[in-house]
Amino acid sequence: VKISVLFFGATADAAGTRRGEIAISEGASVGLSLDHLIQLYPRLANHKLLIAVNEEYAESETTLKPGDELAIFTPVSGG
Amino acid sequence: MDFFELTTDPLDISSVARRVIPPECGATVTLDGYVRQFTKGRETLYLIYEAYEPMALKEMEKLANAARGQFDISHVSIVHRLGRLEIGETSVVISVAAPHRKAAFEACEWLIKELKRTVPIWKKEIYADGEEWVEGEKESSLPQIQ
């Protein structure tokens with residue numbers, strides 16, 4: 001299944017894009033998807049990462065379904 | 001009555017602070033966070049902020065509701081600016097209205113601390129001698145994947 005992926009700030013620089021798409025098997029976890037993304041964009045490995053699925057913070061074990069929106073970003077620094 | 005906004009326009013602090021004056025309230029505490037020129041001796045020229053906008057607005061709303069659960073307050077406004085900000089320009093305004101001031105002070109402090117930990121907004125520091133995206137605190141209790 002296809003999952004869209006968003007990058008912001010440091011992860012957008014590391015990936016060289018702000019938006020991508022990955023193909024994963026149905027029911028794959030966030031952690032597995034991240035491994036896949038790090039293979040595609042190795043510079044992501046240089047950062048501490050947080051992940052959101054459909055605009056909510058997610059854990060490694062969270063499973064993904066078709067149409068989910070994954071966002072990958074570094075610990076936040078607003079304020 | 002709460003409100004949460006992200007904007008690239010300059011922020012008008014008093015219009016945020018005075019937008020909602022609930023009848024049961026007697027004090028509004030407002031934080032004006034602005035761009036610092038010197039951080040530990042290093043000079044910043046300007047900042048760029050970006051956000052995961054829909055999630056940032058949802059997280060702000062969660063914080064306001066959590067604050068109301070912990071402190072005796074009525075109303076919360078949070079407005080964060082995005083894009084390029086010059087030295088001294090306001091990046092964030094948090095206003096908390098309460099029947100009495102003490103709860104408003106405490107809630108405002110709690111809200112900015114949590115905003116810096118959970119709301120998906122990032123700043124890029126453009127220094128006189130380089131630039132970098134600032135990465136937040138690592139001891140955060142948010143699920144950290146890597």
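Proteins get letters first, then strands, A, B, ... in listed order; numbering begins at 1 in each.
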Contact origin within B/K124 toward chain A - heavy atom pairs under 4.5 Å: side chain
Best-contacting candidate, B/T118, B/L82, B/I94, against chain A by heavy atom pairs under 4.5 angstrom: B/T118
Close aromatic pair by centroid cut-off 6.0 Å: B/Y49 and B/W122: no
Selection from B/S91, B/P54, B/A56 maximising heavy-atom pairs under 4.5 Å formed with chain A: B/P54
Salt bridge present between B/D129 and B/R42 (N-O < 4.0 angstrom): yes
Part of B/V119 lying under 4.5 Å from any heavy atom of chain A: backbone
Which atoms of B/L115 approach chain A - backbone, side chain, both or neither, heavy atom under 4.5 Å: both
Charged N-O contact under 4.0 Å between B/R81 and B/D9: no
A/E61 side chain near A/S29 side chain, heavy-atom distance below 4.5 Å: no
Proximity breakdown for A/N54 and chain B, heavy-atom pairs closer than 4.5 Å: backbone
A/I72 portion near chain B, given a 4.5 angstrom heavy-atom threshold: neither
Region of B/K58 in contact with chain A, defined by heavy-atom distances below 4.5 Å: side chain
Best-contacting candidate, A/A12, A/A52, A/A58, against chain B by heavy atom pairs under 4.5 angstrom: A/A58
Salt bridge present between B/E59 and B/K62 (N-O < 4.0 angstrom): yes
Identified side chain to side chain contact (heavy atoms under 4.5 Å, CB included) partner of B/Y46 from the options B/Q37, B/E125, B/E89, B/E86: B/E86
Cationic N near anionic O, under 4.0 Å, A/R18 to B/E50: yes
Residue A/L34 versus chain B: region with a heavy atom under 4.5 Å: side chain
